[in-house]
Amino acid sequence: MVAQAVFAALPDFNLMTDSEETIFSLCRSCLHTFEGKGHCPACKKTRIISHAELLDLSIAHIDCDAFYASVEKRDNPEYATKPLIIGGSSNRGVVSTACYIARMSGVRSAMPIYKAKKLCPDALFVSPRMKRYGEVGRQIREKMKELTPLVEPLSIDEAFLDLTGTEKLHGAKPAVLLAKFANEVEKEIGITVSVGLAPNKFLAKLASDMDKPRGFTVIGDSEKEELLGKLPITAIYGIGKQSAKNLAKDGFTHICQLQEQSQSSLARRYGETGMRLYNLSRGIDNRKVQPQSGAKSVSAERTLSRDLADYPSLEEKLWDISETVSSDLKRKELAGSTVTLKLKTSMHRIITRSRTLDAPTQMAGTIFEVSQSLLKPLIDGTPYRLIGIGMSHFRPLIEADQPDLIEPERTKRTNAERAMDKLKGKFGTAAISKGRNFQSATSSQQKKDTKKP
Amino acid sequence: MKVTIERNSLLKTLGHVQSVVERRNTIPILSNVMIEASGDTVAMTATDLDIAIIENTNAMVITAGSTTVPAHTLFDIVRKLPDGSEVELTLEENDRLVVKAGRSRFTLACLDKEDFPIMNEGDMPHRFEIASEELKRLIDKARFAISTEETRYYLNGIYLHVATTEDGPRLRAVATDGHRLAQVEQDVPEGSSGMPGIIIPRKTVAEVRKLIDETEGAISVALSDTKIRFAFEGVTITSKLIDGTFPDYSRVIPEGNDKQLEMDCRIFAEATDRVSTISSDKTRSVKLSIAPDNLTLSVNSPDSGTATEELAAAYSADPLEIGFNSRYLLDILAQIEGETVQVYLNDPSAPTVLKDIMDDAVLYVLMPMRV
């Protein structure tokens with residue numbers, strides 16, 4: 001008390017204690033910041049975020065709300081008021097995204113379609129249009145990059161942003177920028193996002209998830225331990241089902257139990273993971289936001305509408321997948337030197353086979369050729385339910401698909417593919433396709449034609 | 001079985017045979033070396049099912065017999081024994097091999113010799129002798145171009161065949177990975193003229209090459225359509241050949257490259273090596289700007305900067321700019337023994353031919369890069 005009295009007597013000295021902490025607020029409608037709580041003194045609106053550390057924090061996680069469903073609802077206004085589920089069209093698939101209306105019936109991501117149909121019989125089921133989502137996702141990412149170069153995308157619809165030191169440039173605090181960003185995305189792109197603002201990535205991601213959709217949540221240093229303590233252990237990133245099970249065996253189910261442990265006891269028990277658990281349970285996360293944590297591989301896979309065991313029908317899928325992977329590589333300006341074929345048997349066993357090439361490639365023709373030779377030995381009557389191709393070990397583009405001495409056909413095919421890519425660029429993807437694709441698209445037509453006398 | 005062998009000769013033998021044994025084997029006995037003792041020699045055999053190597057060493061055989069033990073383990077033991085020690089190998093009744101030297105004693109688990117796979121050589125109708133120096137030259141000047149791409153398994157070795165040339169038949173070794181091609185030839189050894197064209201796998205090439213360094217005399221070669229055998233003094237390697245058709249490489253060797261560039265080979269190689277320092281360690285493209293009597297090497301790396309070097313050159317055709325993978329270019333220049341390299345160019349996208357002015361029995365083709 002004596003000390004307080006002394007400090008209080010000094011002019012210009014702001015003594016901070018827990019009870020007297022100054023709360024800052026931001027109006028999400030007009031972006032006005034003010035001290036204290038309550039409605040916005042400027043516009044009188046009530047979408048207010050208040051937090052003592054609001055203006056000090058600069059690590060954010062931005063997550064689009066029910067992204068695929070939101071894009072569909074935006075593109076098809078007639079879906080707007082209906083429960084909408086994005087997922088494979090057949091009953092074999094799983095829900096990839098459910099809109100918030102469908103979620104009210106209990107539908108969740110990764111739930112089998114048939115179960116979703118049972119829970120929400122009047123829902124609209126729509127097949128995903130990944131390309132479209134990619135376009136919208138990139139549009140949003142470009143907007144993020146206007147805020148800071150330190151954007152670390154986690155997937156098509158979420159990313160970490162490090163806004164430290166951007167205040168001078170933008171003339172506004174990170175919190176204000178983020179609120180403005182969320183408003184703009186909603187207005188210009190027609191998608192709502194949820195924002196988490198915190199001292200580090202772990203807490204930021206946790207925060208963005210706490211008030212979905214259209215949320216803006218702040219977790220500060222002062223409350224992080226208390227807040228984490230209430231959460232189950234699975235809230236820690238990297239703790240999945242299996243790790244949770246192992247930890248539960250040792251009696252750890254909630255983060256608060258980890259907080260009671262000493263660093264050395266966790267380290268002794270779990271090694272490096274233990275150290276991580278110690279830190280994360282206390283809200284300590286030193287990972288940096290890394291902009292181009294660059295993809296290590298590019299892949300595509302298809303769950304088949306029915307199990308296939310014969311080579312010709314699997315090969316047909318392979319071509320389709322090769323083209324997808326190739327166009328992905330070309331778009332990202334990558335060339336991979338290892339081709340990995342992935343198959344899942346009807347018994348859900350995953351088989352992978354890979355082969356490394358002398359030189360990297362991004363050509364569908366070459367990817368197809370290699371994956372064909374990987375697939376052939378695996379055709380032994382086993383029915384497969386999924387087939388996919390991954391490309392990894394990226395090398396500089398300059399080394400990719402150079403003219404080949406021995407197989408002029410390879411060079412020719414590569415040149416043809418390049419020419420086709422150019423045409424596609426001009427006239428759109430559907431404008432041109434290789435003989436193989438054309439055939440499979442029109443084979444029924446041809447069959448009819450040949451029957452005619 | 002009980003034998004005593006001098007450590008150094010045992011080490012040398014094991015060094016040769018263990019090198020064929022793969023580090024990981026799904027069939028346990030393939031990790032083993034077969035030891036057979038009789039008379040005054042010990043024969044050691046190892047195989048990976050594609051290559052079999054057998055080597056005889058002098059030894060004091062007290063009791064004849066045979067067994068198999070893990071090759072890498074035995075090799076590591078012998079390697080760590082002191083120089084000059086005597087090693088005693090005793091097969092005990094319970095299928096254990098006891099290795100004794102000085103105060104050291106090791107017991108190794110054995111596997112039954114009856115299960116050890118023996119390669120069936122079959123009939124080898126073509127036989128010839130080749131000087132070790134000559135075989136070494138054929139291998140060294142070609143092997144760097146061998147492809148590692150499994151999809152094109154028929155390029156995973158050296159194509160050895162008798163080629164018909166203007167100077168009559170020649171024994172020729174060719175290797176290519178689609179980016180560069182190496183061709184080296186010599187007089188046909190007696191007895192080789194009727195041999196089929198064969199593709200010797202990369203691993204066999206490497207094993208044979210190792211043994212050449214320790215051999216001075218001639219090497220006896222015997223082969224059929226499917227197998228080849230190299231007999232050195234005391235050591236024999238038998239290998240399966242690659243079952244495939246080597247592409248018609250002659251059609252990729254351009255005939256009409258009329259722009260001729262002559263360079264001092266060492267200076268060219270050193271300068272190429274110098275400028276390629278700037279290219280990020282992955283991309284290794286170097287640009288050659290060729291003008292009359294002048295060659296400029298340049299590397300432009302978006303990440304690290306630029307490098308150029310000007311060299312005197314003998315060139316009188318139209319100026320030309322062409323890009324190469326500097327690693328590939330250096331590989332070739334390293335194999336040219338003469339002072340001068342002759343480069344035959346056509347246009348920036350056409351294969352380029354490189355020759356050794358002192359040695360018309362070697363020829364290299366290098367594919368340019370789009371730079």
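The figures here come from the full heavy-atom set of this structure, side chains too, leaving out hydrogens, waters and symmetry mates. Within every chain, numbering begins at 1; the chains are lettered A, B, ... in the order of the sequence lines, protein sequences first and strands thereafter.
Heavy-atom pairs under 4.5 Å with chain A were tallied for Thr148(B), Leu181(B), Asp248(B), Asn325(B); the largest tally goes to Thr148(B).
With a 6.0 Å radius and a threshold of 12 heavy atoms from other residues, nucleotides or ligands, Asp310(A) has its CG atom above the threshold. Counted within 6.0 Å of CG on Asp360(B), heavy atoms from surrounding residues, nucleotides or ligands total 12 or fewer; the atom is thus considered open. In this structure, His393(A) places its NE2 atom where only 12 or fewer heavy-atom neighbours from other residues, nucleotides or ligands lie under 6.0 Å away. For Glu255(B), the CD atom sits in a loose shell: 12 or fewer heavy atoms of surrounding residues, nucleotides or ligands are nearer than 6.0 Å. Crowding of Lys288(A) atom NZ: a count of heavy atoms from other residues, nucleotides or ligands under 6.0 Å not exceeding 12. Within a 6.0 Å radius of NZ in Lys344(A), other residues, nucleotides and ligands contribute more than 12 heavy atoms. Heavy atoms from other residues, nucleotides or ligands lying under 6.0 Å from NZ of Lys412(A) number 12 at most.
Scanning residues 151-159 of chain B against chain A with a 4.5 Å heavy-atom cutoff picks out Thr151(B), Arg152(B), Tyr154(B), Leu155(B), ordered by number. When the heavy atoms of residues 350-359 of chain A are compared with those of chain B, the residues falling under 4.5 Å are Arg355(A), Thr356(A), Leu357(A), Asp358(A), Ala359(A), listed by number. Contacts of residues 170-179 of chain B with chain A at a heavy-atom distance below 4.5 Å involve Thr176(B), Asp177(B), Gly178(B), His179(B), listed in sequence order.
The nearest pair of heavy atoms linking Pro368(B) to Gln402(A) is O-OE1, 3.8 Å. Arg251(B) and Pro408(A) make their closest contact through NH1-CG, 3.4 Å (heavy atoms, listed as atom of the first residue, atom of the second, distance).
The residue from Leu366(B), Ile253(B), Val252(B) that alone fulfils the side-chain contact (heavy atoms from CB on, under 4.5 Å) condition with Leu405(A) is Val252(B).
Scanning for salt bridge (Lys or Arg N to Asp or Glu O under 4.0 Å) contacts around Glu369(A) gives Arg410(A), Arg413(A), with sequence neighbours left out.
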